[in-house]
Amino acid sequence: MARRRQLYEGKAKVLFEGPEPGTLVQYFKDDATAGNGAKSGVITGKGVLNNRISEYLMLKLHEINIPTHFLRRLNMREQLIREVEIIPLEVVVRNVAAGSLAKRLGIPEGTRLPRTIIEYYYKNDALGDPMVSEEHIAAFDWAAPQDLDDMNTLALRTNDFLMGLFTAVGITLVDFKLEFGRIWEGEEMHIILADEISPDNCRLWDTKTNEKMDKDRFRRDLGRVEEAYQEVARRLGILPEAGNGDYKGPEAVQ
Ligand SMILES: Nc1ncnc2c1ncn2[C@@H]1O[C@H](COP(=O)(O)OP(=O)(O)OP(=O)(O)O)[C@@H](O)[C@H]1O
Ligand SMILES: [Mg+2]
């Protein structure tokens, strides 16, 4: 097959031109970075697992009418997605204190928050993705108030759904990061979920032991990173028990 034209290489993924206009191919790498690139390494097999986990979660979200960019998985490391105009915000949803929130506010990691909290970060590597408020977002027109409203609603629905899904397999959804994008259908603009949902951008703790099953294992040098990602996939039922890497999940039905 002719190699596709590469459009962008990020820290964890590569985007290629898709087979039809308005589509892209998203390739998942094993590369991992943390602290805005301060630490980098490779988690063997991560790309395969994240491709599979993100496919699974986005298909589940599609089933409850949450619009996503996911079209279908193409192979072990690639998925076909709808091209969007990415809104330059990282939307973080938090259920339990961890990471920067715990540090900034002096709340012990693991404290259940009195309510779910949404935070926004401006996607800008040079600035280290600074936290911003709704005021900044409106003033600099990164998203219209109505767009932000839609993003909040989708983020909270996603949170409710994923919390239930993970709880059922003994995993606590501590927090996660979403990215959204705009697509146009005729005159109408829609906001849909983009990027990926995987242990790279979720905090997932074993409910019984509080053991971390996500990228914090890499960030904090806890070891057994790939095993943790595999365990998440296994609990979701998308990795055969004997998983030797050569697994083929259900075909996408979108
Ligand atoms: N459906 C989509 N259409 C267009 N761009 C997308 C889509 N989904 C995700 N992206 C963008 O593709 C890139 C994915 O690559 P990766 O996650 O490796 O980037 P990154 O290194 O984290 O950089 P960035 O700071 O841009 O997120 C991101 O820039 C993301 O915003
Ligand atoms: Mg990214």
Side-chain angles (χ1 to χ4, degrees), residues 4-43 46-55 57-59 61-62 66-74 77-93 99-100 119-132 137 142-143 147 150-151 154-155 158 175-185 189-203 214-216 218-219 229 252 254:
R4 305 170 173 113
R5 195 160 69 90
Q6 182 176 316
L7 301 176
Y8 177 82
E9 172 153 14
K11 296 183 287 290
K13 302 185 286 299
V14 185
L15 296 180
F16 296 96
E17 209 169 60
E20 291 153 35
T23 66
L24 297 173
V25 172
Q26 183 164 242
Y27 175 97
F28 288 75
K29 303 193 283 184
D30 285 347
D31 299 358
T33 60
N36 194 24
K39 177 182 162 84
S40 70
V42 166
I43 303 170
K46 173 174 82 83
V48 175
L49 290 160
N50 282 356
N51 184 27
R52 197 67 192 78
I53 292 170
S54 197
E55 170 197 24
L57 297 176
M58 293 234 181
L59 283 177
L61 291 168
H62 171 74
I66 291 184
T68 84
H69 72 163
F70 182 83
L71 292 170
R72 64 191 166 87
R73 187 161 59 82
L74 298 171
R77 286 187 185 270
E78 294 179 324
Q79 50 181 242
L80 186 68
I81 58 174
R82 297 177 74 171
E83 182 171 24
V84 301
E85 179 191 298
I86 288 284
I87 294 167
L89 296 171
E90 300 197 338
V91 178
V92 172
V93 182
S100 65
E119 297 171 344
Y120 312 104
Y121 295 85
Y122 178 46
K123 265 172 69 70
N124 184 317
D125 277 346
L127 300 176
D129 298 337
M131 184 153 94
V132 292
I137 295 167
W142 293 321
D147 298 353
D150 292 351
M151 288 159 69
L154 290 172
T158 298
D175 57 37
F176 59 97
K177 182 266 289 188
L178 297 175
E179 290 184 27
F180 294 92
R182 301 183 181 95
I183 52 161
W184 280 266
E185 271 156 12
M189 188 274 283
H190 300 281
I191 295 210
I192 69 174
L193 197 53
D195 205 49
E196 69 179 301
I197 309 177
S198 74
D200 266 17
N201 40 45
C202 299
R203 282 198 173 88
D214 55 58
K215 204 169 91 174
D216 271 349
F218 170 79
R219 290 189 190 97
Y229 281 54
Q254 198 162 335

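Just so you know, ligand 1 is whichever comes first in the structure, and atom 1 is the first atom listed for that ligand. Computed from a prediction, not measured in an experiment: that's the story for all the values here.
Here the side chains of R77 and V48 are in contact, with some heavy-atom distance below 4.5 Å. Using a 4.5 Å heavy-atom threshold, the side chains of N201 and E179 count as separate. Within the 4.5 Å cutoff, side-chain heavy atoms of I197 are placed close to those of L61. For the pair F28 and Q79, the minimum side-chain heavy-atom distance is below 4.5 Å. In this structure, D31 and V42 have side chains that are in contact, with non-hydrogen atoms separated by less than 4.5 Å. The shortest side-chain heavy-atom distance between Y120 and M151 does not fall under the 4.5 Å cut-off.
For ligand 1, the atoms closer than 4.0 angstrom to any heavy atom of K123 are 24 (P), 25 (O), 26 (O), 27 (O), 31 (O). Under a 4.0 Å criterion applied to the non-hydrogen atoms of E179, ligand 1 contributes the atoms 27 (O), 30 (C), 31 (O). Close approach to I81 involves these atoms of ligand 1, each under 4.0 Å from a residue heavy atom: 1 (N), 2 (C). Under a 4.0 Å criterion applied to the non-hydrogen atoms of L24, ligand 1 contributes the atoms 3 (N), 4 (C). Close contacts between ligand 1 and D195 involve ligand atoms 8 (N), 9 (C), 14 (C), 17 (O), 30 (C) [criterion: under 4.0 Å to a heavy atom].
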Chi angles and distances behind the salt bridge (charged side-chain N to carboxylate O under 4.0 Å, His left out) call for E85, R182: CA-CA 5 Å; E85 179 191 298; R182 301 183 181 95; 2.8 Å; yes
E185 vs R82, salt bridge (charged side-chain N to carboxylate O under 4.0 Å, His left out): CA-CA, chis, key distance, verdict: CA-CA 12 Å; E185 271 156 12; R82 297 177 74 171; 3.0 Å; yes
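Of the listed residues (D129, V14, I86, T33), the one carrying the non-hydrogen atom nearest atom 6 (C) of ligand 1 is I86.
S40 and T33 make their closest contact through CB-CG2, 3.9 Å (heavy atoms, listed as atom of the first residue, atom of the second, distance).
In terms of polar-atom proximity, V84 is counted as a contact of ligand 1, with an N or O under 3.5 Å from an N or O of the ligand. By the 3.5 Å distance cut-off applied to N or O atoms, L15 is not counted among the residues near ligand 1. For a threshold of 3.5 Å applied to N or O pairs, the pair formed by E196 and ligand 1 contains no separation below that value. By the 3.5 Å distance cut-off applied to N or O atoms, H69 is counted among the residues near ligand 1. Considering backbone and side-chain N/O atoms, E83 never comes within less than 3.5 Å of an N/O atom of ligand 1.
Atom 29 (O) of ligand 1 has its closest protein heavy atom at Y8 CE2, 3.6 Å. Protein heavy atom in closest approach to atom 17 (O) of ligand 1: K13 NZ, 2.7 Å. Remark: minimum distance from atom 22 (O) of ligand 1 to any protein heavy atom is reached at K11 NZ, 3.7 Å. Of the protein's heavy atoms, G10 CA, 3.7 Å lies nearest to atom 19 (O) of ligand 1.
With salt bridges taken as basic N to acidic carboxylate O contacts below 4.0 Å, one links R203 and D175.
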